[in-house]
There are 2 protein chains.
Amino acid sequence: MVVDDADDGGLNRLFHALSDPTRRDVLRRCARGDLSVSRLAAEYPMSFAAVQKHVTVLEQAGLVSKRRSGREQLVRTEPDALARARRALDELEAHWRGRVERMSSLLEREPPTREP
Amino acid sequence: MVVDDADDGGLNRLFHALSDPTRRDVLRRCARGDLSVSRLAAEYPMSFAAVQKHVTVLEQAGLVSKRRSGREQLVRTEPDALARARRALDELEAHWRGRVERMSSLLEREPPTREP
DNA sequence: ATCATCTACAACCATTTGGTTGTATGTTAG
DNA sequence: CTAACATACAACCAAATGGTTGTAGATGAT
């Protein structure tokens, strides 16, 4: 990422974090209930360290948080971050809708088909 | 991307495409009205070829399409792709909501504070 | 106290990304 | 026809990504 990070309120990291299927799966699993990192790691055909890194990416994107419980680290998804991503998509869609509205208002300016 | 691409219906490419601020800006600008690649390129502090690559990434993610018009190539945003991304986020949020509902139903199972 | 478990983190490696420049090709204007 | 413009695409490069292994520190169980 070239940009320096405050530019977009973390949207870069947010969407980047979402662009990996393992990470999306982690979000799904943890949404059903907090899971320790090692519990998660057992689910994927990769090393513990790899999963640890994925969790770190999710954490830095704000999509999960970790809380210690004994020797385990429980991962919890943070739905607020998902909401932020959604709002970003809404904003993009709004630009497009604005265009549609502009086109519609052109159409509306045309007189409706004459009522009989 | 390690995964082989049909696994997720293109969500990897979709979110990856959205994870760059230049590309999100291209989407915004083209949403207001189709723009040629060179018109777009003029807006960013990078080479024409770099912008061309960004457009290609957006195109392969399904977020834009290009149509030729004379010697120009007009870029148009494809809101359906944005909708796909939104549905993916909704699905993730639904998992979390499911959890909340499960917690709620646990609470509901508890007897209400005794009525005197 | 010892041992097994969970986590953290560094070092390393192959591939991908995001950028560059340069060259070639097609299209429109004069 | 020729010149200018818009695009396409290859080759190259530095940095980031996604993975590995290995080492070390905490914590819990016996």
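In what follows, chains are A, B, ... by sequence order, proteins preceding strands, each numbered from 1.
Regarding L35(B), its CG atom lies at a distance of 11 Å from the P atom of dT7(D), rounded to whole Å. The distance from atom NE2 of H54(A) to atom P of dA8(C) is 16 Å, rounded to the nearest whole Å. Atom pair R67(A):CZ and dT7(C):P shows a separation of 13 Å (rounding to whole Å applied). One atom, CD of E59(B), and another, P of dC9(D), lie 11 Å apart when rounded to the nearest Å. For L18(A) and dT17(D), the CG to P distance is 14 Å, given to the nearest whole Å. The separation between Q73(B) atom CD and dC9(D) atom C1' is 14 Å, rounded to whole Å. If you take CG of N12(B) and C1' of dG18(D), they are 13 Å apart, rounded to a whole angstrom. Going from atom CZ of F15(A) over to atom P of dT17(D) covers 16 Å, rounded to whole Å.
Between A31(A) and T77(A), the closest heavy-atom pair is N-CG2, 3.3 Å. Counting all heavy atoms, side chain and backbone alike, A41(A) lies closest to V51(A) at CA-CG2, 3.7 Å. Residue P21(B) comes nearest to N12(A) through the heavy atom pair CD-OD1, 3.3 Å, listed as atom of the first residue, atom of the second, then distance.
Counting non-hydrogen atoms under 4.0 angstrom, R39(A) reaches nothing in the nucleic acid. Residue S36(A) is classed as a sugar-phosphate contact, given heavy-atom separations below 4.0 Å to backbone atoms only.
OP1 or OP2 of dA8(D) lies within a sub-4.0 Å distance of a side-chain N or O belonging to Q52(B). Considering only side-chain N and O atoms, H16(A) lies under 4.0 angstrom from the phosphate OP1 or OP2 of dG18(D).
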### Task
Assess whether salt bridge (Lys or Arg N to Asp or Glu O under 4.0 Å) is satisfied between R24(A) and D8(B), documenting all intermediate values.
CA-CA 10 Å; R24(A) 288 194 302 273; D8(B) 67 340; 3.0 Å; yes
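We find that D90(B) and R86(A) are joined by a salt bridge, their nearest charged nitrogen and carboxylate oxygen being less than 4.0 Å apart. Ionic pairing of R39(B) and E72(B) is not present here: no N-O contact between side-chain nitrogen and carboxylate oxygen is shorter than 4.0 angstrom.
Of the possible polar contacts, none joining the R67(B) side chain to the L74(B) backbone as a donor-acceptor pair under 3.5 Å is found. Looking at R13(A), its side chain never comes within 3.5 Å of a backbone N or O of L58(A) through a donor-acceptor pair.
Within a 6.0 Å sphere centred on CZ of R29(B), heavy atoms belonging to other residues, nucleotides or ligands number more than 12.
Each end of the helix from dA1(C)-dT30(D) to dG30(C)-dC1(D) gets its own rotation axis from five pairs of C1' atoms, and the angle between them is 30° to the nearest 10 degrees.
Considering only side-chain atoms of K66(B), the nucleotide from dA8(D), dT7(C), dG18(C) that sits closest is dA8(D).
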Name the pairs: protein N/O against N/O of nucleotides 20-28 of chain D, kept only if under 3.5 Å.
| from | atom 1 | to | atom 2 | distance (Å) |
| --- | --- | --- | --- | --- |
| dT20(D) | OP1 | S47(A) | N | 3.4 |
| dT20(D) | OP2 | S47(A) | N | 2.8 |
| dT20(D) | OP2 | S47(A) | OG | 2.6 |

